Amino acid sequence: MAEIAVIGCGQAGLVVATAFASLGHQVLGIDIDRRKVEACSRGICPIQEPGLDALLADGVQSGRLTFLAEYPDRIEADFVFIAVDTPTLPSGASDLRALKSATNSLAPVLRDGAVVVNKSTVPVGTCDEIERVLRTSGAPGATVVSNPEFLQEGDAVRNFTRPDRIVLGSNHPASLARVSSLYQDFDAPIFACDVRTAEMIKYASNAFLAMKISFINEIASICDVLGADVSHVAGGMGLDPRIGEKFLRAGIGWGGSCFPKDVTALEYAASLHGVRAQLLRGVVETNRDMRRQVIRKLRAEIGPIEGARVVVLGASFKPHTSDIRESPALEVANLLRFGGAEVLVVDNHVAPDAVTAQFPHLTVADDLLGAADGADALVLATEWPEFLELPLEELARVMRRPLIVDGRNVLDDRIVRAAGFVYRCIGRPGAEGGGIVINEGIDREPVHLRNGRSPVLASD
Ligand code: UGA
């Protein structure tokens, strides 16, 4: 078993620290946030991540997991993982201040032969720079291995313990081999490459996933005008193993703390070196447009949104997390607010203060029916399970205008319409009441497309 230190106990670092401790390693977590360190030291998990609380409590209780808010005089660990935040600056560049500070703090306290393993998402070339700084400021023998993380919020513990792949990049084969020994019992391919390639794999992976979503969203916009159903298009495409079914859910687009920053940082890095990454630019632009589509769909039904009362269902950037960073739901809420609408955001998984501290002009409501009273529309923006079971009849009764714009294509259009709602979604004009619905033996009147083009089988 190894001695491991993890610098940065945030969303990724804490998972790495607790998971390694659960495998029997001795782990020291270091974070400059004292309150976080105090909570962790008592076995209390400061972030919402399924399975992490139990793992953290076990680790602390067993004595295999300890935390410090300051760097000790000497770190005895064989491996020092860096997992600090690298947000985006307004220019598009990555903010590497936390990483630089961690590197400077580490240099004088690293023990000889320790391998520094970087997990933070960093511009290509950064690990080389970390190594240079370490070697010139106190740790002449330091080597760095890039080990990008592919953890999804809400599924991070499982992603770490049962990964699809482990990517290790280094210019030092011996160090790379030592880090790979930490993962020898994992049932996953270990992909070894040079350090810059590993850094790029992380960006390319996130950019590709964001592109996949923007792609299906662009197809959804085309479906909207041509009368096809994007859900079925995605289903049919996804059966091709070269395409795959995942990340083809059309909607109001991607957000969170990773895709927006990583796609922007990659495009910025490319532009710095004279490469016009036009596809990446398009990926971002399509994503932005998906938010605007909601406004257009609302306008088509209610006319000017100024003065309208709209309830936005969801604040987090995706379900099963309270994280609101770059949340598509809140971007839609903001667009509506700036358009003059009265906006009420409902998401009982997110602390209202977290929303209003960032967006003081938004109102957070905890009572759905109260918020919907007199409303002109509901916009489903984050697909929390409870929004899939809305009290439709009651909502239709209290709303001024029973209209739902389903920004995640998750509601059953027939049920919603049967409750008296006008239903609008993304890329499924048939589901909006314009297609011909043919389903198992249920007798229903064929409905024709509003745009008069070819008919659509909305379900079959
Ligand atoms: C993402 C990647 O999926 C992880 O592999 C990566 O490790 C992580 O970023 C990171 O760089 O740290 P995460 O930000 O947790 O993970 O979120 P995702 O589950 O990927 O979802 C991102 C956004 O895409 C969400 O807003 C989600 O609603 C949206 N999405 C996802 C869609 O709109 N459609 C889809 O089909 C899938």
Side-chain angles (χ1 to χ4, degrees), residues 8 10-16 47-50 83-88 94 118-122 147-160 162-167 199 201-220 230-231 233-235 237-238 243-266 283-284 286-291 293-294 314-332 347 380-384 387 406-410 425-427:
Q11 212 87 32
L14 200 53
V15 173
V16 173
I47 54 172
Q48 186 189 328
E49 189 58 57
V84 296
D85 270 359
T86 51
T88 314
S94 301
N118 180 50
K119 277 210 160 279
S120 300
T121 303
V122 291
N147 175 205
E149 58 89 1
F150 304 104
L151 309 179
Q152 269 178 292
E153 274 184 41
D155 208 13
V157 172
R158 196 188 62 86
N159 291 158
F160 187 86
R162 288 195 278 142
D164 299 318
R165 84 286 210 190
I166 291 147
V167 173
E199 291 170 325
I201 286 172
K202 169 66 193 221
Y203 279 111
S205 299
N206 273 3
F208 187 87
L209 291 171
M211 179 189 72
K212 213 173 165 189
I213 302 167
S214 280
F215 178 85
I216 201 66
N217 282 339
E218 192 156 293
I219 294 294
V230 74
S231 312
V233 172
M237 286 170 65
I243 297 173
E245 58 176 358
K246 293 187 178 154
F247 276 59
L248 283 181
R249 291 192 320 275
I252 59 169
W254 42 269
S257 64
C258 305
F259 285 178
K261 105 178 146 58
D262 293 349
V263 178
T264 309
L266 186 56
V283 167
V284 172
T286 299
N287 197 45
R288 224 175 264 143
D289 193 55
M290 297 319 290
R291 287 32 159 181
Q293 284 221 16
V294 173
S316 57
F317 83 94
K318 66 175 184 179
H320 311 293
T321 173
S322 57
D323 194 341
I324 59 165
R325 285 176 288 178
E326 308 277 335
S327 165
L330 293 178
E331 284 179 24
V332 166
D347 189 329
L380 197 158
T382 311
E383 64 277 34
W384 282 105
F387 296 151
D406 179 359
R408 293 294 175 185
N409 285 354
V410 286
C425 51
I426 310 286

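Since the model is a prediction, treat every value here as computed from it, not as a measurement. Numbering of ligands and ligand atoms starts at 1, following listing order.
An N or O contact shorter than 3.5 Å links F317 to ligand 1 by distance. Inclusion of I213 in the set of residues having an N or O under 3.5 Å from an N or O of ligand 1 is not warranted. For a threshold of 3.5 Å applied to N or O pairs, the pair formed by L209 and ligand 1 contains no separation below that value.
E153 pairs with exactly one of Q48, H320, R325 by the side-chain contact (heavy atoms from CB on, under 4.5 Å) rule, that one being R325.
If you take OG on S94 and CG on D85, they are separated by 11.5 Å, rounding to the nearest 0.5 Å. Rounded to the nearest 0.5 Å, atoms CZ (R408) and CD1 (I426) are 9.0 Å apart.
If you check which protein heavy atom lies closest to atom 36 (O) of ligand 1, you get R249 N, 2.9 Å. Residue, atom and distance of the protein heavy atom nearest to atom 15 (O) of ligand 1 are E153 N, 2.7 Å. Of the protein's non-hydrogen atoms, F259 CE2, 3.5 Å is the one closest to atom 1 (C) of ligand 1. Nearest protein heavy-atom contact of atom 3 (O) of ligand 1 is Q152 CG, 3.3 Å.
Using a 4.0 Å cut-off between heavy atoms, N206 contacts ligand 1 through its side chain alone, with no backbone atom that close. Residue M290 does not touch ligand 1, judged by heavy-atom distances below 4.0 Å.
A donor-acceptor pair under 3.5 Å is absent between the side-chain atoms of N118 and the main chain of A83, judged by distance alone.
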Passes side-chain contact (heavy atoms from CB on, under 4.5 Å), L248 versus K212? Steps please.
CA-CA 6 Å; L248 283 181; K212 213 173 165 189; 3.9 Å; yes
Report the C-alpha separation of F387 and V410 in whole Å, then their side-chain angles, then the decisive distance to 0.1 Å, and conclude whether the side-chain contact (heavy atoms from CB on, under 4.5 Å) test is met.
CA-CA 9 Å; F387 296 151; V410 286; over 6 Å; no
Step-by-step side-chain contact (heavy atoms from CB on, under 4.5 Å) determination, C258 to Q11:
CA-CA 11 Å; C258 305; Q11 212 87 32; over 6 Å; no
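Which parts of ligand 1 touch K202 is read off a 4.0 Å heavy-atom cut-off, strictly below it: atoms 6 (C), 7 (O), 10 (C), 11 (O), 12 (O). Set against the non-hydrogen atoms of C258, the atoms of ligand 1 under 4.0 Å away are 8 (C), 9 (O), 10 (C), 11 (O), 12 (O), 14 (O). Against a heavy-atom cut-off of under 4.0 Å, G253 is close to the following atoms of ligand 1: 33 (O).
For E218, the CD atom counts as loosely surrounded, since its 6.0 Å shell holds 12 or fewer non-hydrogen atoms of other residues, nucleotides or ligands.
Looking at F247, W254, F150 and measuring to atom 29 (C) of ligand 1, the nearest heavy atom belongs to W254. Ranked by closest heavy atom to atom 33 (O) of ligand 1, the top entry among R408, K212, K318 is R408. The nearest non-hydrogen atom to atom 7 (O) of ligand 1, considering only L151, N409, T121, comes from L151.
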